[in-house]
Amino acid sequence: MEPPSFLTRSKSDDSFLSILSTREEKALLPAPVHQKPKIRVRTLLGHCLYRRVILWSAGILFLLCLALSSPGGHQRRQRIMELVDFSHQDATSSGGEGEATMVGKETEGVVFVVSTGDAQQVPVQGEHMPTWLRFRHLDGFFNGLKALVPASEHVAEYPKKSGEATPFPLTLSYTGLPTPTPYVARPDYESPEYTSQYHAVEKCYLDKERRIPVPDLYAYNGVVQGQPEPAMGSRSLLGLRDDVCFDRFGRYGPYGLGYGFEEGGAFVGTDTEQEGSGTVWEKTGKINYENMDWGDAQTRCYELNKKRFAEPAAPTKTAAASSKLHQRSFLRNERQKISRTAVIIRAYVGFQWTQHTILNFRALISELSLKSGGEYAVHFLLHVRNNNEAIWADPMTAQRILDENIPQEFHGLCTLWSEAQMRLYYPGKFGGSFQNPSGGDIHGVYRSAHFPLQHFAMEHPEYEHFWNWELDMRWLGDYYELFNRLSAWAREQPRNELWERSAKYYIPSYHGSWDDFTSLVHNETLQSGRQAIYGPAQFPGRQPLRSELRGESFMPPNCDPNNRYNPECGKGEEADLITLNPLFDTENSGWVFSTDVTGYKRSLPLPPRRCSIITASRLSRRLLNVMHEETWRLKHTMFAEMYPATMALHHGLKAVYAPHPVYLDREWEIEEIDKAFNGGRDHTAGGHGSPYDLNNEHNHKGSSWYYNSEFAGLLWRRWLGYAQFDGRGTNGGRSGEGQLRGGKEDEERGDGTGRLCLRSMLVHPIKWEHPSELD
């Protein structure tokens with residue numbers, strides 16, 4: 001049965017930056033083994049009738065001769081079919097990537113030898129190529145559930161200390177597929193500890209009749225043997241569990257993966273290996289999502305629990321006023337009320353929705369909004385690209401756009417916007433830009449994606465924080481755990497040297513503990529001769545906000561203006577900005593949009609700027625208020641990834657880079673990671689030598705979290721159960737090349753280790769998931 005189609009594929013969503021990056025990379029990376037044809041289709045479809053007849057006739061004859069005479073034609077056709085059917089694998093190979101050598105004939109009660117597969121590595125040829133292409137590919141990512149061991153017995157393939165011998169091959173006994181258990185990342189809402197401090201949480205349901213509870217996702221206790229540790233960032237530092245792993249059925253099975261449309265499922269996953277998957281439906285059964293209305297479910301959940309939540313804050317509330325408000329309920333010995341957070345998914349007309357995409361957002365809404373009793377709310381902010389559409393004047397027009405672009409189950413969560421609306425909301429002349437590399441309009445989404453987010457925040461005072469999220473991001477784990485732990489960790493970070501710590505990647509195998517890293521940053525700051533950032537930035541041409549004119553400050557009460565090294569300053573203060581990549585200094589960084597700064601006097605030097613690549617971040621209401629005022633009153637703005645961080649810098653708000661786990665696909669030398677990713681000024685990610693320089697961005701291609709990553713998609717699709725070309729070759733390896741690995745037949749092999757089970761991680765970008773999407 002074919003999955004339903006919601007809309008036609010978008011022709012192209014290539015951005016100026018992606019085009020420019022590709023152009024730069026051609027000069028830095030080796031050429032792909034398989035060159036794309038240079039002939040354009042429109043050349044064969046020219047206006048001349050005779051040319052079309054001659055060329056098409058010649059082409060057909062050539063293809064017929066080629067098909068009949070070429071011995072390799074069948075092999076090429078077979079290669080494509082292998083990717084679609086997910087089933088090709090050389091059953092005689094052993095000891096390679098994601099494979100295990102089995103001793104014995106039966107599946108259970110035998111010994112596996114888990115190898116890193118050094119024999120499968122392709123020797124790299126070529127003198128002039130980036131250093132990272134010469135490193136060996138890691139194989140431990142692709143070991144499966146049969147290699148699950150307790151976390152205490154886990155031995156990581158990577159990283160290893162300099163000179164340390166490899167622990168592989170490892171042997172382990174397999175006695176049967178383990179059983180997953182429900183994974184709960186939220187507090188125990190019924191415990192005395194919770195109910196003594198907060199209002200009780202009313203249970204939410206998917207249906208109005210309150211018969212279908214929100215399902216749990218499932219996890220396996222343990223870690224797959226040999227799986228690498230993250231090269232950058234840390235789970236344990238952020239409070240994320242690192243002793244469990246998730247397979248595709250435990251993660252998405254509760255939301256429709258693995259069963260067909262006739263049962264209300266998503267159909268996808270039925271074409272992959274499924275041993276033991278039925279456990280995830282034993283408690284709830286296979287939930288029928290056919291007539292699901294997530295907007296209605298989210299509203300009902302909030303109405304049940306609205307007594308739990310604080311009243312909307314005043315638009316200009318500063319740190320001191322916020323602190324007094326929270327103290328009142330404590331002094332009256334009342335149950336504390338909590339603030340709400342909105343998760344804003346940036347969508348656009350023309351996006352191709354797939355069943356995998358739907359599964360992801362079912363999971364996000366369930367885990368964040370419904371399971372939390374309304375603490376979070378999910379909204380889709382749909383960009384209507386045609387400015388002539390009457391989306392406010394005519395409800396039928398708005399409904400048509402929803403019908404054509406958004407699955408019906410999400411209609412109730414959508415807010416439509418257009419660039420024409422932003423021109424009305426932020427009218428007037430903005431003044432010149434220092435530079436405009438993309439050539440885009442100041443109200444355009446590419447340069448000013450923050451405009452509709454600012455507008456949304458002004459229209460929704462019920463939320464205290466706003467996560468800015470994208471359609472092509474995936475979290476392998478419980479969404480509540482991710483957002484809750486990031487928030488809690490950021491809250492406890494002191495403000496002293498916070499900008500400096502946030503300006504570089506944390507590499508545990510190189511830097512040591514977080515305390516070691518903090519000490520290192522302190523010493524590097526002293527050695528740099530630069531004063532640590534503390535409070536609002538001062539620079540020529542700075543214009544104050546209205547609240548600053550009234551003498552108000554965003555610095556919390558426990559911060560001494562005369563002691564910038566107070567270790568308690570900012571502890572317990574909610575972060576105004578949480579980013580998922582370092583907050584780097586764009587000056588001389590080589591980042592292409594560093595000088596896309598608008599509305600400031602160009603006779604003066606550029607104002608100081610900070611940026612975090614990838615717009616995914618959490619912004620506080622007061623930061624968005626600052627951005628809004630700077631935009632409408634002072635006519636200031638900057639490129640979307642630079643504006644929030646720079647406004648926090650200029651006005652003394654709390655900004656934090658949360659070092660979540662990021663993986664590399666190769667066995668980098670530890671020192672080389674620091675050189676590549678912290679190779680900027682003063683050993684940071686900013687300034688000259690930045691990893692965000694167009695000449696350096698290729699280093700991110702083998703990472704699990706960056707807009708140009710190739711590894712993120714490969715690993716994600718392998719985890720979903722689909723065969724992928726492993727990207728290995730004599731030229732260092734490129735996406736879509738090498739040997740086909742993984743897939744249904746590979747995971748079902750008796751001498752294999754089964755389907756993948758990975759620990760929680762963020763992956764981006766995920767541009768396609770099911771092989772049929774390549775048609």
Side-chain angles (χ1 to χ4, degrees), residues 28-30 116 118 121 123-124 126-141 155-168 226-237 500-528 581-585 589-590 613 657 659-693 695-706 708-709 711 732-733:
L28 298 169
L29 297 177
T116 58
D118 295 86
Q121 295 295 324
V124 176
E127 298 178 2
H128 306 291
M129 63 172 59
T131 302
W132 64 275
L133 286 176
R134 300 178 181 275
F135 295 134
R136 183 183 71 85
H137 280 85
L138 296 171
D139 297 322
F141 293 109
V155 180
E157 176 188 8
Y158 178 82
K160 299 191 298 287
K161 296 179 181 178
S162 180
E164 182 181 3
T166 177
F168 293 91
Q227 222 167 70
E229 296 290 346
M232 296 173 282
S234 167
R235 285 186 197 82
S236 58
L237 174 68
E500 288 71 28
R501 290 193 300 279
S502 295
K504 63 189 298 175
Y505 284 95
Y506 171 48
I507 308 167
S509 58
Y510 182 78
H511 294 127
S513 69
W514 184 253
D515 286 342
D516 293 335
F517 178 74
T518 300
S519 298
L520 173 69
V521 171
H522 174 71
N523 292 331
E524 288 176 343
T525 303
L526 293 176
Q527 292 167 10
S528 73
N581 267 330
L583 289 155
F584 70 99
D585 187 348
S589 65
I613 302 295
Y657 156 52
H660 63 98
V662 175
Y663 289 88
L664 296 175
D665 69 338
R666 305 181 188 230
E667 193 176 29
W668 282 63
E669 295 174 5
I670 303 303
E671 295 79 7
E672 291 295 331
I673 301 176
D674 190 61
K675 289 179 183 177
F677 292 91
N678 291 325
R681 189 194 66 230
D682 304 325
H683 309 288
T684 70
H688 182 70
S690 167
Y692 310 115
D693 187 311
N695 291 319
N696 297 332
E697 280 193 317
H698 59 82
N699 288 299
H700 296 271
K701 280 189 170 292
S703 77
S704 56
W705 181 256
Y706 199 65
N708 71 349
S709 168
F711 177 57

request  = Take Asp674 and His511 through the test side-chain contact (heavy atoms from CB on, under 4.5 Å) and record every step on the way to the result.
outcome  = CA-CA 9 Å; Asp674 190 61; His511 294 127; 3.6 Å; yes
remark   = Between His137 and Glu157 the two heavy atoms that sit nearest each other are O-OE2, 4.5 Å
request  = Show the numbers, then the answer: is there a salt bridge (charged side-chain N to carboxylate O under 4.0 Å, His left out) between Arg134 and Glu669?
outcome  = CA-CA 11 Å; Arg134 300 178 181 275; Glu669 295 174 5; over 6 Å; no
query = Judged by atom type as modelled, is there a donor-acceptor pair below 3.5 Å linking the side chain of Asn708 to the main-chain atoms of Glu697?
reply = yes
query = Taking atom types as modelled, is there a side-chain donor on Ser513 or Asp516 under 3.5 Å from an acceptor on the other?
reply = yes
request  = Working to the nearest 0.5 Å, report the span between NZ of Lys675 and CH2 of Trp668.
outcome  = 11.5 Å
request  = Working to the nearest 0.5 Å, report the span between CG of Asp585 and NE2 of His688.
outcome  = 14.0 Å
task = Considering non-hydrogen atoms only, spot the tightest contact between Thr684 and Ala503 and give its length.
result = CB-O, 3.5 Å
query = Judged by atom type as modelled, is there a donor-acceptor pair below 3.5 Å linking the side chain of His683 to the main-chain atoms of Gly680?
reply = no
ask   = If you look at every heavy atom in Ser690 and Ser589, which pair is closest and at what distance?
value = CB-O, 3.4 Å
note = In short, Pro228 meets Leu138 closest at the heavy-atom pair CG-CD1, 4.1 Å
inquiry  = Quick check against the 3.5 Å criterion: does Arg666 have a side-chain atom that pairs as donor or acceptor with the backbone of Leu133?
reply    = yes
ask   = Looking only at heavy atoms, which two atoms of Tyr506 and Ser234 are closest? And how far apart?
value = CE2-CB, 4.2 Å
inquiry  = Using only atom types and a distance under 3.5 Å, with no angle test, would you say the side chain of Asn699 pairs donor to acceptor with the backbone of Asn696?
reply    = yes
Check against side-chain contact (heavy atoms from CB on, under 4.5 Å), Glu667 and Lys160 = CA-CA 9 Å; Glu667 193 176 29; Lys160 299 191 298 287; 2.5 Å; yes
note = Across all chains, not counting sequence neighbours, the ring-ring contact (aromatic ring centres under 6.0 Å, His included) partners of His700 are Phe677, Tyr692, Tyr706
Reported OG1-to-CZ distance for the pair Thr525 and Arg501, which is rounded to 0.5 angstrom = 9.5 Å
query = So, Phe517 versus Trp514, ring centres under 6.0 angstrom or not?
reply = yes
task = Show the numbers, then the answer: is there a side-chain contact (heavy atoms from CB on, under 4.5 Å) between Met232 and Leu664?
result = CA-CA 8 Å; Met232 296 173 282; Leu664 296 175; 4.3 Å; yes
query = Is Pro230 close to Arg235 at the side-chain level, that is, under 4.5 Å between some pair of heavy atoms?
reply = yes
inquiry  = I'd like to know if the side chain of Asn678 reaches the main chain of Tyr505, judged simply by a donor and an acceptor atom lying under 3.5 Å from each other, with no hydrogens or angles considered.
reply    = yes
With sequence neighbours excluded, residues passing side-chain contact (heavy atoms from CB on, under 4.5 Å) with Ser509 = Pro159, Ile507, Ile670
ask   = Closest approach of Leu583 and Tyr657, non-hydrogen atoms and distance?
value = CD1-N, 3.9 Å
ask   = Can you list the residues that meet the side-chain contact (heavy atoms from CB on, under 4.5 Å) rule with Ser709, with sequence neighbours excluded?
value = Ser703, Phe711, Ala712, Pro765
key: From Glu672 atom CD to Thr131 atom OG1, the distance as rounded to the nearest 0.5 Å   = 5.5 Å
